[in-house]
Amino acid sequence: MEKKQNSLFVGTLAKGLRLLRAFDESHVSLSLAELVARTGLEKSAVQRMAHTLHHEGMLERDPGTRRYRPSHAWLELAYAYYWSDPLISRALPKLVEFSRAYGETVNLAQISGDHIIYSLRLPNQRTQFAASIVGRRLPALGTASGRVMLATWFSDEVTHALENWPIRSATPKTITDREAIAQDIARAKNDGYSITDGQMMLNEISLAVPVISIDGRANAAVQVSVSSLTYDEARVRGEILPALLDTAGGIPG
């Protein structure tokens, strides 16, 4: 059913959420004009919603520049999410155990529409700031985590994803050919893991193993990032893969 035909759909609330989603890692503070441009909403509506969200504590407003940015209330929502998702509490001890044993960056990724989102991140000392923040979203097709999750889905779902989900070139090595990605997903289905090199960040090898639910489907994956200056793919498979398989296998999906 179209949203505009749904009597339960609240258009004003949806517009307010669109305004909140205008903020991301590249747009951490926005002027009124920039909010209008990024949301496509009328200036008067944006002005009213921004004022209301500021009044309700969801946005902070710099009195000098009049620019808006997310408030601490967003962290309160994240805190509530952590308590609401039982997978988080089940996964955290396993990720901590792996991190202590191997000293490498380990993450829990979950599917979020046509993206993955990192809901747990245990960085090592070499991890860059952007790669250590919980909540980072990346196009699923470009990541080892997204591909290994898709490998557990029905074939028609995979076909739909391959045809419609976005692909973003993040590095010169990013694979954008959808047939090549399809082949990688097929390998992940056969192998039970996915490994990529330099897809989202140069000099980074990413290894991901699915967290399988009772129905055999994965909507989450455990992922490890290592430097390709230290590891090659053969070493990752030999030294890290067995432990990562054990880690993921110990997390009830």
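Scope of the values below: all heavy atoms of this structure, side chains included, with no hydrogens, waters or symmetry mates.
Pairs of residues two or more places apart, or lying in two chains, that qualify as salt bridge (Lys or Arg N to Asp or Glu O under 4.0 Å) and include a residue from residues 49-60 are Glu60-Arg69. Sorted by first and then second residue, the side-chain hydrogen bond (donor to acceptor under 3.5 Å, both in side chains) pairs involving residues 34-47 (not counting sequence neighbours) are Asp24-Arg38, His27-Arg38, Ser31-Glu34, Glu34-Arg67.
Grouped with Leu30 in one hydrophobic cluster are Val10, Leu13, Leu17, Leu19, Leu20, Phe23, Leu32, Leu35, Val36, Leu41, Val46, Met49, Leu53, Met58, Leu59, Tyr68, Trp74, Leu77, the linkage being side-chain heavy-atom contacts under 4.5 Å among Ile, Leu, Val, Met, Phe, Trp and Tyr residues. Ile212 belongs to no hydrophobic cluster with other residues, because no ILVMFWY side-chain heavy atom falls under 4.5 Å from its own, directly or through intermediates. Using a 4.5 Å cut-off between side-chain heavy atoms of Ile, Leu, Val, Met, Phe, Trp and Tyr, Leu229 forms no hydrophobic cluster with any other residue.
Residues that satisfy the side-chain hydrogen bond (donor to acceptor under 3.5 Å, both in side chains) test with Arg168, not counting sequence neighbours, are absent from this structure. Applying the ring pair (Phe, Tyr, Trp, His ring centres under 6.0 Å) test to Tyr118 and every residue at least two apart in sequence or in another chain returns nothing. For Arg237, the salt bridge (charged side-chain N to carboxylate O under 4.0 Å, His left out) criterion is met by Glu233, not counting sequence neighbours. Taking Glu157 as the reference, Arg217 meet the salt bridge (charged side-chain N to carboxylate O under 4.0 Å, His left out) condition, with sequence neighbours excluded. Shown here are the side-chain hydrogen bond (donor to acceptor under 3.5 Å, both in side chains) partners of Thr171, two or more places apart in sequence or in another chain: Thr174. Listed by chain and residue number, Lys173 satisfy the side-chain hydrogen bond (donor to acceptor under 3.5 Å, both in side chains) test with Asp197 (two or more places apart in sequence, or in another chain).
Remark: the backbone N or O of Arg48 is paired with a side-chain donor or acceptor of Thr52 at under 3.5 angstrom.
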Donor-acceptor pairs under 3.5 angstrom involving side-chain atoms of residues 137-148: please list them, not counting sequence neighbours.
| from | atom 1 | to | atom 2 | distance (Å) |
| --- | --- | --- | --- | --- |
| Arg137 | NH2 | Ser112 | O | 3.3 |
| Thr143 | OG1 | Ala140 | O | 3.0 |
| Thr143 | OG1 | Gly146 | N | 2.9 |
| Arg147 | NE | Leu141 | O | 2.7 |
| Arg147 | NH1 | Asp184 | OD2 | 2.9 |
| Arg147 | NH2 | Leu141 | O | 3.1 |

*CA sep, side-chain torsions, deciding dist, call: Gln110, Asp85, side chain to side chain contact (heavy atoms under 4.5 Å, CB included)*: CA-CA 11 Å; Gln110 293 179 283; Asp85 188 346; 3.1 Å; yes
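Using the six-membered ring where Trp is involved, Tyr102 and Phe98 have ring planes that are parallel, under 30° apart on the 30 and 60° scheme.
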